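Because the structure is a prediction, the values reported are computed rather than measured. Order of appearance sets the numbers: ligands from 1, and atoms from 1 within every ligand. Atom set for the values below is all heavy atoms of this structure, side chains included, hydrogens, waters and symmetry mates excluded.
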Amino acid sequence: MTHPQQAVPAPDELVRRHATQGATLMVILHAIQDEVGYVPPAVVPALARALSLSRAEVHGVITYYHHFRSEPPARVTVQLCRAEACRSMGTEALAQHVEGHTGCKFDNGHHTETELESVFCLGQCALSPSMMINGELYAKVTPQKFDRLYADARARTNAGTEETA
Ligand code: FES
């Protein structure tokens with residue numbers, strides 16, 4: 001997948017690459033989102049032309065399915081478990097710390113930089129509080145541990161940008 005900070009190919013180029021013979025709108029949208037991390041609104045006219053659909057039809061499909069996003073994903077996604085076992089181990093205090101440290105709010109859409117999401121049980125109840133950062137699971141997270149993990153995740157995404165830029 002293209003990194004969020006990388007240049008996204010031109011809309012016509014993206015559509016040309018993925019609108020292969022017989023590919024349905026859904027298949028093409030998935031392929032575009034897999035490649036660049038989201039479906040840039042600028043591809044809608046090109047897709048409509050390629051598939052002989054109206055722009056409204058293409059737009060309707062993108063907005064109907066929650067899977068598709070119209071803006072780049074956050075560079076760091078933090079999913080904090082807020083279910084019972086984790087709550088009993090201080091997840092709510094940790095959530096406050098995370099918000100203060102990142103300057104973002106939980107479940108409030110995403111910043112370009114960081115997205116905070118509440119989840120309910122990551123299957124690590126015995127090792128709570130648990131969270132995932134960019135898809136990696138962490139257990140027994142303390143505020144200090146979070147600060148370290150978050151700094152590492154940000155450093156990794158910055159490194160990824162430099163490597164591929
Ligand atoms: S309740 Fe948090 S991992 Fe199960």
Side-chain angles (χ1 to χ4, degrees), residues 1-9 14 18 23-41 43-44 58-165:
M1 182 174 84
T2 301
H3 189 275
Q5 305 302 310
Q6 258 181 272
V8 170
L14 267 181
H18 298 294
T24 61
L25 177 58
M26 286 297 277
V27 167
I28 300 167
L29 290 173
H30 276 287
I32 290 174
Q33 183 155 301
D34 285 349
E35 182 181 349
V36 299
Y38 69 112
V39 180
V43 302
V44 170
V58 175
H59 180 72
V61 170
I62 294 169
T63 49
Y64 181 79
Y65 292 97
H66 288 229
H67 172 74
F68 297 121
R69 43 165 90 233
S70 295
E71 24 180 76
R75 290 163 64 149
V76 179
T77 302
V78 176
Q79 294 171 301
L80 176 65
C81 175
R82 300 179 90 163
E84 211 173 311
C86 287
R87 287 179 89 95
S88 72
M89 295 302 285
T91 245
E92 290 312 304
L94 182 59
Q96 280 188 5
H97 172 82
V98 169
E99 288 188 338
H101 186 78
T102 60
C104 302
K105 292 271 173 221
F106 273 94
D107 308 315
N108 191 27
H110 69 79
H111 269 227
T112 48
E113 189 74 10
T114 299
E115 177 175 8
L116 305 181
E117 201 183 311
S118 300
V119 293
F120 295 88
C121 201
L122 291 165
Q124 296 282 312
C125 313
L127 299 171
S128 50
S130 314
M131 69 168 54
M132 288 182 98
I133 300 180
N134 285 352
E136 299 219 16
L137 190 55
Y138 299 99
K140 293 190 172 181
V141 181
T142 60
Q144 295 72 23
K145 184 169 173 180
F146 171 76
D147 293 354
R148 222 175 40 246
L149 294 170
Y150 181 64
D152 286 353
R154 291 188 53 171
R156 272 203 298 273
T157 57
N158 285 334
T161 306
E162 279 152 25
E163 272 164 27
T164 50

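Listed for the Glu92 side chain is no donor-acceptor partner under 3.5 Å among the backbone atoms of Arg87. Between the side chain of Thr91 and the main chain of Cys81, a donor-acceptor pair closer than 3.5 Å is present. Not one N or O on the side chain of Gln124 forms a donor-acceptor pair closer than 3.5 Å with the backbone of Leu137.
Around atom 2 (Fe) of ligand 1, the protein atoms of type N, O or S that sit closer than 2.8 Å are Cys81 SG, Cys86 SG.
Judged as a salt bridge (Lys or Arg N to Asp or Glu O under 4.0 Å), and not counting sequence neighbours, the contacts of Glu99 are Lys105. Legend: residues meeting side-chain hydrogen bond (donor to acceptor under 3.5 Å, both in side chains) with Asn134, ordered by chain and number and at least two apart, are absent.
Residues in residues 130-142 take part in no salt bridge (Lys or Arg N to Asp or Glu O under 4.0 Å) pair, two or more places apart or across chains.
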